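Worksheet: the structure to be examined is printed underneath.
For clarity, every value in this text was computed on a predicted model and none was experimentally measured. Reminder, nothing fancy here: chain letters follow the sequence lines and each chain counts from 1. Below, each value reflects all heavy atoms present in this structure, side chains not excepted, and no hydrogens, waters or symmetry copies.
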2 protein chains.
Amino acid sequence: MADINLAAAKARPPRLEPEAGAAGSEPQWDVIELLFFAYRDFVGDPDDVLEKLGFGRAHHRVLHFVNRNRGMKVADLLEILRITKQSLGRVLKQLVDEGYVIQKEGESDRRQRLLYVTEKGEALALKLAQLQTTRITRALNEVGPEASEAARKFLAAIIDTDGRAGVLDLIERANVARRRD
Amino acid sequence: MADINLAAAKARPPRLEPEAGAAGSEPQWDVIELLFFAYRDFVGDPDDVLEKLGFGRAHHRVLHFVNRNRGMKVADLLEILRITKQSLGRVLKQLVDEGYVIQKEGESDRRQRLLYVTEKGEALALKLAQLQTTRITRALNEVGPEASEAARKFLAAIIDTDGRAGVLDLIERANVARRRD
DNA sequence: AATTTATGTCAGCCATGTTGACATATTTTG
DNA sequence: CAAAATATGTCAACATGGCTGACATAAATT
C-alpha cells in the first residue's frame with residue numbers, strides 16, 4: 001500500500017532506446033511529474049507555521065540561507081535566491097523589524113551589511129527545517145542508505161553544470177561552519 | 001570537475017546517530033538545499049520559451065497536465081494544481097483563447113468541460129518537456145541506472161503518504177494512455 | 001420539484017516577482 | 001587626492017498568480 005511501485009513504468013522499455021539527451025528522446029514524464037509533486041509537498045510543510053507569523057515562502061528562503069550562512073553579504077543572498085534587491089528588501093526588512101535577522105556592518109568593508117539570524121531567527125529556521133527533515137528522513141529511510149546517496153547525487157546532477165560546484169561548495173562550507181559552533 | 005562530490009559531508013557521521021525522524025534529529029540541510037537548487041534550475045529551463053509567448057509557469061503547469069491527461073475534468077486539474085478555480089480560470093482562458101487548449105462537453109455528463117490540447121498545445125508541451133528532459137537525462141546518465149531508479153523512488157517517497165498512491169497512479173495511467181495513441 | 005454538482009465569472013485583495021531611477025557611504029583606482 | 005566603482009537601500013510603478021466571497025447557469029441527482 002505504502003509500497004512505492006514504479007515497476008509498471010519500468011517494465012516496458014521504450015521501443016527505441018533513446019540516445020542520451022538526444023533531441024528525439026522520449027520526454028522523462030515520470031521524473032518531471034515526480035519532481036513537481038515532491039517539491040509541492042516538500043515546500044508545503046512549513047506554510048502553516050509561516051502563515052501564523054504573517055510570513056510567506058519568501059521569508060522562509062531568506063531566513064533559511066541567513067541561518068545557514070551567517071555573516072553572508074546581501075549580494076550573496078541575492079545571487080542564491082536569484083531575485084532583485086527590491087524583492088529581497090521587502091521581506092528582509094520585515095524579518096529585521098520583527099527581530100529574526102540582524103545586519104552588522106562589515107569589518108573589513110564597512111559598506112557591507114552582513115546578515116545574521118538572532119536567537120529567535122535561529123529557532124524559527126530550525127523549526128521549519130525540522131518539518132522538512134521529518135519528510136526527508138522518512139523518505140530516506142524508505143528507500144534505504146544506498147538509494148539515499150543516489151538521491152543526493154541525482155539532485156546535485158540536476159543543478160546547472162555551471163553553478164553546481166558553487167552550490168555544493170556552499171552547502172559544504174555551511175556544514176563545516178555550523179559544526180564549529 | 002564535473003564529478004559530484006558530496007563525500008565530505010558524508011565522511012563525517014553525526015555525533016549522535018539520530019533516530020529516524022525523531023524530533024531531535026539533525027536537520028537534513030543538504031537535501032533541503034539540494035531540492036531547492038535542483039528545482040530552481042529544473043523549472044527555469046522553460047521560462048525563456050514561455051516568456052516569448054506571453055505565458056508564465058502557471059500556463060506551463062496547466063498545459064503540461066492537460067497534455068498528459070487528455071480529456072481530464074476541470075475539477076481534476078484543480079486538485080492536482082491545488083489552486084482555486086478563479087486562478088485556474090485566468091490562465092486556462094488564455095490558453096484556450098490562443099488555441100493551445102480546447103474544452104469539450106462531457107458525453108456522459110454534459111456539465112463537464114473536458115480539457116484537451118490542440119496540436120499547437122501538444123507541440124508546446126512537448127517542447128517544454130524536452131528542455132527539462134535534457135537536464136534530467138543528463139543527470140540520470142551521470143548517476144547511472146541504479147541511482148536513477150533510486151532517485152525516482154526517493155522523489156515518490158517525498159510525496160505525502162496520503163496522496164502518493166494517487167499520484168503514482170496518475171503518472172502510470174497517463175503513460176499507458178499516451179502509449180495507446 | 002428541489003437539491004446538488006460542475007463550471008464560470010466578477011470584483012477585489014495580497015504576496016512576491018519585475019524594471020528604472022536615484023541616493024549614500026565606502027572602497028578602489030588612476 | 002579626485003574620480004570611478006561597489007554595496008546597499010529606497011521610491012514608484014507594474015505584472016503574475018495566488019486568494020476570498022458572491023453570484024450565475026446548466027445539468028444531473030434525489
A:Leu81 atom CG is separated from C:dG17 atom C1', nearest whole Å, by 12 Å
State whether the number of non-hydrogen atoms from other residues, nucleotides or ligands found under 6.0 Å of A:Glu146 atom CD is greater than 12. no
Mark up nucleotides 1-13 of chain D, 5' to 3', with B wherever a protein heavy atom is under 4.0 angstrom from a base atom, S wherever such an atom reaches only the sugar-phosphate, and - elsewhere. -----BSBBBB--
Whole Å only: how far is the CZ atom of B:Arg40 from the C1' atom of C:dG17? 15 Å
Taking NZ, NE, NH1 and NH2 as the nitrogens, is one of them in A:Arg68 or A:Glu122 under 4.0 Å from a carboxylate oxygen of the other? no
Could you check whether A:Arg82 pairs with B:Asp41 (Lys NZ or Arg NE/NH1/NH2 to Asp/Glu carboxylate O, under 4.0 Å)? yes
Closest-nucleotide ordering on DNA chain C, the 5'-leading residue of A:Leu88 and A:Glu105: A:Leu88
Hey, is the side chain of B:Ser87 poking within less than 4.0 Å of OP1 or OP2 on D:dG17, counting only N and O atoms? no
Side-chain ion pair, B:Asp97 and B:Lys93, N-O less than 4.0 Å: yes
CD1 of B:Ile83 versus P of D:dT16: gap in Å, rounded? 16 Å
Which of parallel (below 30°), tilted (30 to 60°) and perpendicular (above 60°) describes B:His64 and B:His60? perpendicular
Pairwise 5' ranking along DNA chain C for A:Arg110 and A:Thr84, keeping only the more 5' one: A:Thr84
Can you list everything that forms a ring-ring contact (aromatic ring centres under 6.0 Å, His included) with A:Phe55? Sequence neighbours excluded, please. A:His59, A:Tyr100
Residues from residues 51-63 of chain A lying under 4.0 Å of DNA chain C - heavy atoms: A:Gly56, A:Arg57, A:Ala58, A:His59, A:Arg61
Length of the CG-P vector between B:Leu78 and D:dT20, whole Å: 12 Å
Are A:Glu142 and A:Arg138 ion-paired here, with the side-chain N under 4.0 Å from a carboxylate O? yes
When you check the side-chain N and O atoms of A:Gln28 and B:Arg152, is any donor under 3.5 Å from an acceptor? yes
